[in-house]
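The shown structure was predicted, so the numbers you read here are calculated from the model rather than taken from an experiment. Letters go in sequence order (proteins before strands), and every chain restarts at 1.
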2 protein chains.
Amino acid sequence: MMINSRLAVAIHIMVLLASNPRETVSSEWMAGSVNTNPVVIRRIMGMLRKAGLLTSSAGKTGAELTKDPSDITLLDIFKAVEPKDELFSIHEKPNPACPVGRNIQSALDLTFTRVQTAMEEELRSQSLQDVMNMLSPKSIQ
Amino acid sequence: MMINSRLAVAIHIMVLLASNPRETVSSEWMAGSVNTNPVVIRRIMGMLRKAGLLTSSAGKTGAELTKDPSDITLLDIFKAVEPKDELFSIHEKPNPACPVGRNIQSALDLTFTRVQTAMEEELRSQSLQDVMNMLSPKSIQ
DNA sequence: TTTGATTGTCACTAAAATGGTGACAAATGG
DNA sequence: CCATTTGTCACCATTTTAGTGACAATCAAA
């Protein structure tokens with residue numbers, strides 16, 4: 001399955017922002033914690049900003065969460081960083097002359113929607129605060 | 001999210017095999033129903049065969065399911081066609097000198113495992129027969 | 001105001017995944 | 001024997017992803 005690490009990095013960024021004073025969390029500094037390039041951090045921050053999860057501006061170090069970590073779900077973050085949030089795709093144009101081909105798309109659509117919903121509900125059930133609580137108390141500076 | 005259509009095509013193949021006499025379901029014929037190249041069908045059939053979901057052999061038209069459709073779950077098919085079945089990946093080597101970087105991986109691992117489990121349980125709850133029942137009776141020849 | 005640091009964004013790259021395609025040996029069955 | 005089919009390989013174009021350098025615009029501190 002095609003997978004990327006954007007959700008993981010986005011959560012990492014959000015935890016850093018929630019756990020540290022603004023002046024300390026430059027994209028360079030976050031890149032050091034995540035172990036990647038600062039541009040990757042800014043790119044993902046841009047998606048989180050467009051989704052309204054944080055505010056930041058050119059020239060000003062760091063960013064700020066717009067909500068309390070307990071009011072931000074992992075589904076919020078997932079949808080922010082995954083423009084195409086569909087888990088599975090259905091093959092195009094199955095043969096309408098075949099009884100199976102003619103009806104398979106709607107059946108698969110129902111099926112895949114249920115799977116997608118199950119995944120999203122689990123993401124919705126976990127908040128950013130929940131993730132932070134899994135880190136040792138020392139990580140919350 | 002990067003997504004492929006292998007699960008959709010694999011389910012389509014399995015439905016065709018379950019619904020038609022063996023002599024009629026050549027890879028060429030199935031390719032016609034799915035609307036793709038016969039090699040794509042054979043490639044996915046190869047994965048299903050390795051997973052023990054069907055039997056087929058060179059020179060012999062078609063394939064046969066090894067189990068009753070009601071005993072085959074969509075999770076079985078998913079695992080057959082997705083060698084890397086992990087939904088999300090975690091970024092490599094976060095900085096151990098950072099309190100967040102040091103602990104984020106295990107937290108994300110717990111989190112992502114719960115999401116993955118939710119998805120797999122939903123896939124496990126649906127059988128191939130369930131999908132076939134969603135198609136019109138006419139499609140079961 | 002000047003200077004240095006930072007963000008936002010662009011363009012480019014390499015790597016990987018995916019699906020389509022042609023080719024062909026091996027096996028099947030008439 | 002011979003036409004058909006499977007299993008498999010190699011190759012290709014497309015897409016996605018993450019890393020990187022570059023740079024204008026902005027900010028903040030001296």
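- Neither OP1 nor OP2 of D:dT15 sits under 4.0 Å from any side-chain N or O of A:Lys84.
- Side-chain N/O atoms of B:Ser27 include one lying less than 4.0 angstrom from OP1 or OP2 on D:dT6.
- Every residue two or more places apart in sequence or in another chain that forms a side-chain hydrogen bond (donor to acceptor under 3.5 Å, both in side chains) with B:Gln129 is listed here: B:Asn133.
- Side-chain polar atoms of B:Ser127 and B:Asp130 form a donor-acceptor pair below 3.5 angstrom.
- Atom CG in B:Leu7 sits roughly 16 Å away from atom C1' in C:dG19 (whole-Å rounding).
- Contact of the A:Leu16 side chain with the A:Trp29 side chain is registered, since non-hydrogen atoms from C-beta on lie closer than 4.5 Å.
- OP1 or OP2 of C:dT18 has not a single side-chain nitrogen or oxygen of B:Ser5 nearer than 4.0 Å.
- Under 4.0 angstrom from either OP1 or OP2 of C:dG8 there lies at least one side-chain N or O belonging to A:Arg49.
- Rounded to a whole Å, the NE2 atom of A:His91 is 10 Å from the P atom of C:dG20.
- Straight-line distance from the CD1 atom of B:Ile41 to the P atom of C:dG20: 9 Å, rounded to whole Å.
- Rounded to an integer number of Å, the gap from CD of A:Glu92 to P of D:dT14 is 17 Å.
- The side chain of B:Thr61 contributes no N or O atom lying less than 4.0 Å from OP1 or OP2 of D:dT5.
- When only modelled atom types and interatomic distance are considered, B:Asp76 and B:Thr73 share a side-chain donor-acceptor pair under 3.5 Å.
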| task | Any chance you could list the contact pattern along nucleotides 22-30 of chain C? Use B for base contacts, S for sugar-phosphate-only contacts and - for none, protein heavy atoms under 4.0 Å, 5' to 3'. | result | BB---BSS-
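- Nearest-nucleotide mapping onto DNA chain D: of A:Ile44 and B:Gly62, the residue sitting toward the 5' end is B:Gly62.
- For D:dG7, one of the phosphate oxygens OP1 or OP2 lies less than 4.0 angstrom from a side-chain nitrogen or oxygen of B:Ser56.
- Straight-line distance from the CZ atom of B:Phe88 to the P atom of D:dA18: 13 Å, rounded to whole Å.
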